[in-house]
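Single-structure report; data block below.
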Amino acid sequence: MFELLQQSLFSGLLVGSVYALVALGIALTFGAMKIINLAHGELVLLAAYMAYVIESRTGWNPYAAIPLAFAVTALVSIAIYLLIERIREHRELNSLILTFAIGVILTNAILLVFASDVRSTNSPLLQDAVSLGSVYAMNSELLAFVVSLLVMAGLWWWLRNSWYGRAVRAVSSNRDASMLMGIDPRRVELAAFIVAGILASVAGVALYTMSVVQPALGPALTVKAFVVTVLAGVGSIPGVFCAALLLGVTEAMTVTLASSALQELVGMVLFLLVLFFMPNGLFGARARRG
Amino acid sequence: MMRNLPAAALLVAALAIPLVFGGNGYIMGLMVSGLIVAGVALAWALLGNLGGMVSFGHAAFFGVGAYTSAILSAKAGLPVPLSLLAGALGAALCSLVMLPALRLSGPYFALAILAYAHIFKILATELSSITGGSAGFQRFPTLPTIAGIDFSSRTGSYALLVVMVALCALVYRAVKRSHVGTALRAMAESEDATRVVGVNATLLKSWMLLLSAFITGLFGAMNAHIINFLEPDYAFSGNWSVLPIIAAIFGGYRTILGPVAGAVLIYLFDQIIAKELLPVGHQILLGLLLAGMILVAPNGLFGLFQTRRKGAPHAAA
Amino acid sequence: MLRLEDVTVRFGGLVALKEVSFAMGEGEILGLVGPNGAGKTTLFNTISGLVRPRTGRILFKDREIGKLPLHARARLGLGRTFQIPQPMHHLTVRENLTVAQVFGAGASDPARIDEILEVMELAEHADRDAATELALQELKRLEVAKALATNPALLLLDEVLAGLESHAKRRFIAKLRELHQRYALAIVIVEHDIETISSLCSRAVVLNFGELIADGTPEEVFRNPAVVESYTGTADA
Amino acid sequence: MLEVRGLRAGYGRINVLWDVSLQFPTGELTAIVGPNGAGKTTLFRALMGLVPHQGEILLDGRPIRGRTWDLLEAGVVMVPEGRMVFKDMSVAENLALGAYPQRCRQARARNLERVYALFPRLKERHRQLAGSLSGGEAQMVAMGRGMMSEPRILLIDEPSLGLAPVIVKEVFGIIRRLKAEGVTIGLIEQNTHIALSVADRMHLMRSGKVLLSQDAGSVDLDRLHDLYLARESGQVQA
Amino acid sequence: EEIAIGAHMPLTGSLARSGQAFNEGMQVAIKVFNESQSKHKIKVTVIDDESQPAKAVTAVEKLNSDGAAAIIGGYGSNIVGPASDTSNRLGKVYITGGAVSDELVARGNTHFFRINNNAGYQRGVEGLMQELKPNGISIVASTREAPALLAKGLEESLTKLGFKVTLHPFDPAITDFKPIINKVKLQDKSEIIFMSAYENDYVGIIRAAKVLKPQVKAIVGAWSLATPKMYSDFPDLMQNVIGTTFLPFPVEVKDEEGKKFAAVYKEMFGKEIEYASTLAFVETMVLSEALARAADAGTLKSGGLLAEMKKTDRPSPLGRITFNAVGDNPNFALSMGQHRDGKIPLVSPAASATGKIAYPALPW
Ligand SMILES: Nc1ncnc2c1ncn2[C@@H]1O[C@H](COP(=O)(O)OP(=O)(O)OP(=O)(O)O)[C@@H](O)[C@H]1O
Ligand SMILES: Nc1ncnc2c1ncn2[C@@H]1O[C@H](COP(=O)(O)OP(=O)(O)OP(=O)(O)O)[C@@H](O)[C@H]1O
Ligand SMILES: [Mg+2]
Ligand SMILES: [Mg+2]
């Protein structure tokens with residue numbers, strides 16, 4: 001029994017780290033700009049397919065695809081922002097619909113270009129098993145864990161130490177007042193979207209190396225990421241990481257102790273419980289105002 | 001008189017369609033599906049517009065309505081008209097479980113409802129002794145023949161749905177025009193301000209959730225008896241959450257007729273025009289249409305027609 | 001009419017109100033003054049139900065209202081304004097008043113609303129969108145109008161006169177007097193302008209760091225050394 | 001020197017300013033008074049590029065094309081009413097944002113100390129969300145935030161609004177000090193007496209027009225009074 | 001004489017992969033049939049049902065109103081169910097190769113035909129198990145409709161055959177299978193992992209098994225596993241894995257029809273035939289022939305097709321095809337094929353085997 005739990009705890013942590021990677025981009029645009037980018041899952045997916053393109057064409061390690069993936073996701077991300085920027089009324093609701101529409105467009109574009117086949121890495125190096133004591137993992141999973149830790153730290157540092165982080169939040173808090181501070185709202189928001197693009201590109205490549213991708217995956221990724229974001233509490237980047245790990249572990253434990261058919265159920269119940277009893281999320285310090 | 005023009009036009013169109021296409025099962029089938037979406041879109045818009053709550057999970061009510069009605073009519077032998085009502089009530093009852101979510105605002109509420117939809121879907125899969133599990137549930141009665149009208153025929157279903165959509169629209173209108181409607185409109189963005197003048201915000205919002213769930217459940221139940229097959233993936237499909245949102249926004253979710261017209265138009269556009277142009281991936285056109293609409297006419301099709309009411313929100317600067 | 005007994009409010013480590021007790025009678029106009037952050041708005045929030053006190057009782061019309069929800073207190077006849085105006089969004093000025101009247105006073109009376117619009121000099125703005133098309137002073141008048149529409153017995157006014165130029169201020173004060181007479185209103189008013197308090201109120205209480213430090217006629221209160229030190233400062237700066 | 005010529009501005013369907021022309025001479029304090037709804041705030045907002053407008057705005061004789069953030073870099077800063085703080089950010093973050101323009105980022109720590117010294121209450125509450133501050137405290141944040149950016153030209157909208165008398169005195173002390181340091185100041189103030197005590201020149205606005213412009217030393221209070229009450233109209237130069 | 005028929009296929013949505021393969025097989029059949037004789041020309045209109053029942057129902061209605069003589073059904077029992085109901089109501093013959101639920105033939109629809117069924121898959125797997133005689137079988141099954149049905153059926157029948165069976169149903173949203181495989185490894189300790197799922201799940205499950213290396217002797221799966229495509233996409237994962245199929249690879253089709261099919265398929269789509277396309281090919285051929293017979297007899301307009309369908313009795317790449325009273329094909333049974341260095345020999349049942357099973361059969 002102990003061995004069983006040990007392995008599932010470990011697996012849960014690794015899966016959680018990918019949830020975190022996917023969630024960070026959403027957490028950034030939502031936490032900072034109150035804009036939920038419903039096309040974020042598709043951005044991640046797009047990056048994953050770039051990894052597939054690079055791997056299948058050149059045989060290189062999928063991680064070599066990060067520059068290409070970044071170029072593509074950043075472009076799409078910028079396009080998304082330029083469209084959102086044109087919305088004047090009811091920005092929060094309308095941007096939701098707009099990004100949803102963009103997600104539909106991307107999903108179908110991916111379907112048209114890459115067909116509905118399932119894709120995943122073939123690199124033996126990444127797929128090889130490693131054991132840490134009595135627990136096992138794929139190389140790619142450990143790598144993704146480390147990458148997600150680094151990315152999280154990087155993002156956290158950026159939001160903390162660059163003027164952008166504060167500025168983005170100021171813009172979403174009060175646009176006019178932020179302009180009076182000398183902030184160019186478009187510039188900082190665009191920067192946030194580009195960073196979200198970077199995050200998506202890394203997440204996509206990591207996803208490709210340790211899981212299976214297919215065109216219809218986008219919305220599921222977005223929802224999971226958003227659940228993690230809310231679980232964490234808006235505005236807390238380390239919180240996203242912890243919440244993602246918690247979700248991963250909870251799911252793995254459900255599989256081990258009960259049935260794998262209940263995994264999603266337990267995840268959702270956990271989410272609701274947190275939402276009702278800790279409306280600010282597990283790590284969100286800020287008051288949520290109506 | 002001018003104000004009722006769109007409504008009159010819609011009514012004429014609704015009457016004309018069976019006269020022109022009555023023999024064409026395909027068109028009538030599309031209309032029926034479109035009207036189902038229209039009903040849910042209306043319910044969604046009611047909650048969104050009056051309750052100020054954006055829901056991502058109306059599939060929950062839709063599915064519960066469908067299963068409740070199907071199971072009661074098949075296993076308990078309830079006559080279908082009653083089971084439809086029971087389905088609607090079942091959905092409303094389910095929304096009681098969601099009342100705690102009313103404390104949440106904006107995206108938090110939307111996501112909480114989505115979580116509920118997931119949970120109900122998984123329950124429907126797991127409680128296979130009642131629901132038939134993922135294998136699905138079939139062989140339950142179709143819509144009955146009453147007073148010589150066979151409601152299970154395409155034209156019969158169509159007539160039923162037109163009447164139901166119209167009834168729900170009237171209820172919606174009555175609520176919206178009442179003082180309750182005015183108070184609800186304000187509550188979305190200024191809850192404290194409304195409460196200190198004596199509005200019991202929680203209660204009013206609860207009523208809206210209940211009403212919206214009721215309507216959605218009703219249409220879910222009708223759809224079940226029209227399609228005559230249920231399985232969790234279908235009854236609780238994300239489509240029942242997403243399509244109505246698209247339709248409502250497209251038509252103008254702050255209007256009453258917008259969601260209805262939006263649903264039918266979007267559905268027909270997607271199925272007739274988009275599918276013709278792009279057999280695979282035709283939803284890309286839907287996406288483009290929706291994105292364009294939000295950018296060009298954020299208040300939807302009907303919002304475009306409506307002369308801007310004095311004092312309506314407008315963009316400053 | 002209104003009685004507070006040992007009301008204490010905390011925000012985390014901060015004691016915003018410390019065992020505050022006072023009572024006021026029917027038809028009284030009470031001035032509530034004190035330095036910034038003394039707890040005046042918090043006191044209003046506590047009475048109207050936005051903030052739950054840690055300890056203490058609040059009695060209104062001889063009824064304990066400490067556990068009642070916001071809307072119930074409003075229906076009992078507690079009207080209040082917000083220091084930072086909070087109009088009801090998406091509604092016109094007139095609709096704001098209608099909602100307040102229907103839900104707060106329990107009856108619909110368009111004539112009365114017209115009257116309030118007239119009195120509060122909002123008639124010309126009646127059909128503007130309250131949240132996006134009014135300037136600050138208009139919003140403040142709307143605050144008072146909304147509270148009046150609920151047909152209150154007690155009106156809590158939080159700095160409704162701040163920022164008015166002197167003539168407008170005088171006009172407003174006269175109006176308040178008239179309302180007070182006509183509807184037999186009891187009023188608690190927060191104001192930083194000593195003159196206003198002196199001319200309008202028969203009695204004033206002073207809060208400082210959440211504590212009630214003085215209670216009496218405005219003259220008495222403003223002569224109180226503690227008040228002078230913490231609030232008015234020396235006569236000339 | 002900041003100058004406007006023939007400024008027209010408004011909100012959507014409503015026009016508020018009608019051909020307003022006035023100057024904020026370098027190193028002087030220019031007070032603007034006038035009844036409520038006269039368009040004083042709108043004038044400042046238009047100057048800062050927050051409200052669409054027609055007419056010319058000149059900074060040191062050169063026309064500026066109203067990009068708010070360029071103005072900030074050039075040292076033109078506005079202190080809005082306390083409602084315009086960043087409600088869901090802490091006091092410290094609000095103040096830090098005041099130092100956003102490139103030119104004053106270096107001196108952020110020093111300026112923060114200065115602001116905390118002037119408003120000790122803000123130092124106590126530096127972690128509190130600005131949205132939960134009392135009205136007066138929020139006003140202090142707005143004022144402090146403006147001072148974080150080392151303004152060359154400072155436009156202040158009703159700094160005394162909602163402040164206790166002691167604090168009002170302090171704030172005007174600060175304004176005097178800033179003026180002494182050579183900052184050009186535009187001030188909107190309801191209290192004519194206080195305004196006159198610090199101003200070099202005074203303009204009276206009414207219904208979106210400047211009706212009276214006078215040197216502070218030679219203000220005719222009766223005239224002012226009359227104009228407030230609208231017994232007279234028309235442009236008056238003194 | 002041109003005969004118009006219609007088809008609804010899930011070209012988009014969750015079942016798009018299978019729908020595409022079905023569509024290809026069907027197109028090849030039409031071509032082969034039209035070229036094989038010159039009297040009749042079959043024309044097919046395909047509508048995307050988006051993997052949704054309501055869309056499939058309207059598709060059937062549209063095809064009917066456009067004058068289709070019969071309808072070829074799509075994939076997935078939940079979609080075929082309501083669609084074939086509608087077709088039945090409209091009096092149109094409906095044939096499918098993608099809906100295996102037993103419920104479908106219990107409805108008493110007179111115009112419903114299908115060439116495959118759950119029982120056929122079960123029989124294939126049961127045969128293999130009886131040959132291997134493992135001490136225990138762990139079934140890892142998606143809770144989606146078809147996989148869940150197969151898993152349920154197998155759990156019952158294998159238990160009846162005396163095997164120790166453990167069922168692990170999983171939510172389709174799952175991506176990490178290590179916790180499940182870990183249970184197999186530490187709790188079940190069975191010798192066989194049987195997967196009833198779809199392609200993406202197979203990849204995930206086998207990867208997890210490769211990492212945790214449970215003491216199993218074989219990894220076996222259901223549909224869409226023993227296909228050349230899976231091997232070419234994931235060679236490291238598929239080696240030695242066993243799945244249901246009926247054709248070895250490279251295709252060693254003995255019958256003329258199969259050879260023809262493979263050749264035309266390669267010509268049209270540039271790849272080898274696979275499992276789903278073969279199903280579609282066969283159903284389309286069966287239908288086409290019945291249509292031709294009815295047209296020859298001049299009864300096509302007067303409902304003669306139904307009678308001709310019932311008379312069907314022909315060999316096919318899938319084996320013999322006949323229809324019983326409820327429209328089911330009682331002869332349907334599958335073989336098991338094993339991935340071996342890019343080839344897929346049939347390893348069970350012994351009668352149709354083209355190679356010997358490598359056992360233990362593991363990709364590591
Ligand atoms: N939600 C809250 N969390 C933390 N502190 C709060 C909260 N609300 C109020 N405070 C603090 O409590 C104190 C009292 O605030 P209150 O608004 O009652 O002051 P006030 O007397 O109305 O002052 P002013 O004259 O400036 O409006 C202030 O210091 C304020 O910062
Ligand atoms: N956002 C807005 N939309 C529409 N009209 C507005 C808006 N803001 C202000 N106004 C109108 O513009 C006019 C001038 O407003 P402004 O705020 O400039 O006045 P002010 O002179 O600053 O007065 P106060 O002393 O009240 O601050 C007012 O009549 C007001 O109705
Ligand atoms: Mg206050
Ligand atoms: Mg102003």
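What you see is a predicted model; the values in this text were computed from it and never measured.
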With a 4.5 angstrom heavy-atom cut-off, which part of B:Ala101 approaches chain A: side chain, backbone, both or neither? both
In terms of heavy-atom proximity below 4.5 Å to chain B, should A:Leu111 be classed as side chain, backbone, both, or neither? side chain
Can you confirm whether B:Leu111 sits close enough to A:Phe271 that some side-chain heavy atom of one is under 4.5 Å from a side-chain heavy atom of the other? yes
For A:Val223 and B:Phe56: C-alpha separation, side-chain torsions, deciding distance, then whether side chain to side chain contact (heavy atoms under 4.5 Å, CB included) applies. CA-CA 11 Å; A:Val223 169; B:Phe56 287 168; over 6 Å; no
Would you check, one step at a time, whether the test side chain to side chain contact (heavy atoms under 4.5 Å, CB included) holds for A:Ile87 with B:Leu295? CA-CA 6 Å; A:Ile87 295 177; B:Leu295 292 172; 4.1 Å; yes
If I take atom CG from residue A:Leu265 and atom CG from residue B:Leu123, how far apart are they, to the nearest 0.5 angstrom? 5.5 Å
Looking only at heavy atoms, what is the nearest atom pair of B:Ala112 and A:Leu275, with distance? CB-CD2, 3.7 Å
Quick one: what part of A:Leu96 sits under 4.5 Å from any heavy atom of chain B, side chain, backbone, both or neither? side chain
Per-residue contact mode, B:Ile246 against chain A (heavy atom under 4.5 angstrom): side chain
Show, in sequence, the C-alpha distance, side-chain angles and deciding distance for B:Ile119 and A:Leu272, and conclude whether the side chain to side chain contact (heavy atoms under 4.5 Å, CB included) test is met. CA-CA 10 Å; B:Ile119 290 174; A:Leu272 284 180; 3.7 Å; yes
Let me know if A:Ile84 has heavy atoms under 4.5 Å from chain B in its side chain, its backbone, both or neither. neither
I'd like to check B:Val242 versus A:Val104 (side-chain heavy atoms, cut-off strictly below 4.5 Å). Are they in contact? no
Working to the nearest 0.5 Å, report the span between CZ of A:Phe100 and CD1 of B:Ile294. 11.5 Å
In terms of heavy-atom pairs under 4.5 Å with chain A, the winner among B:His118, B:Met293, B:Lys121, B:Glu191 is B:His118
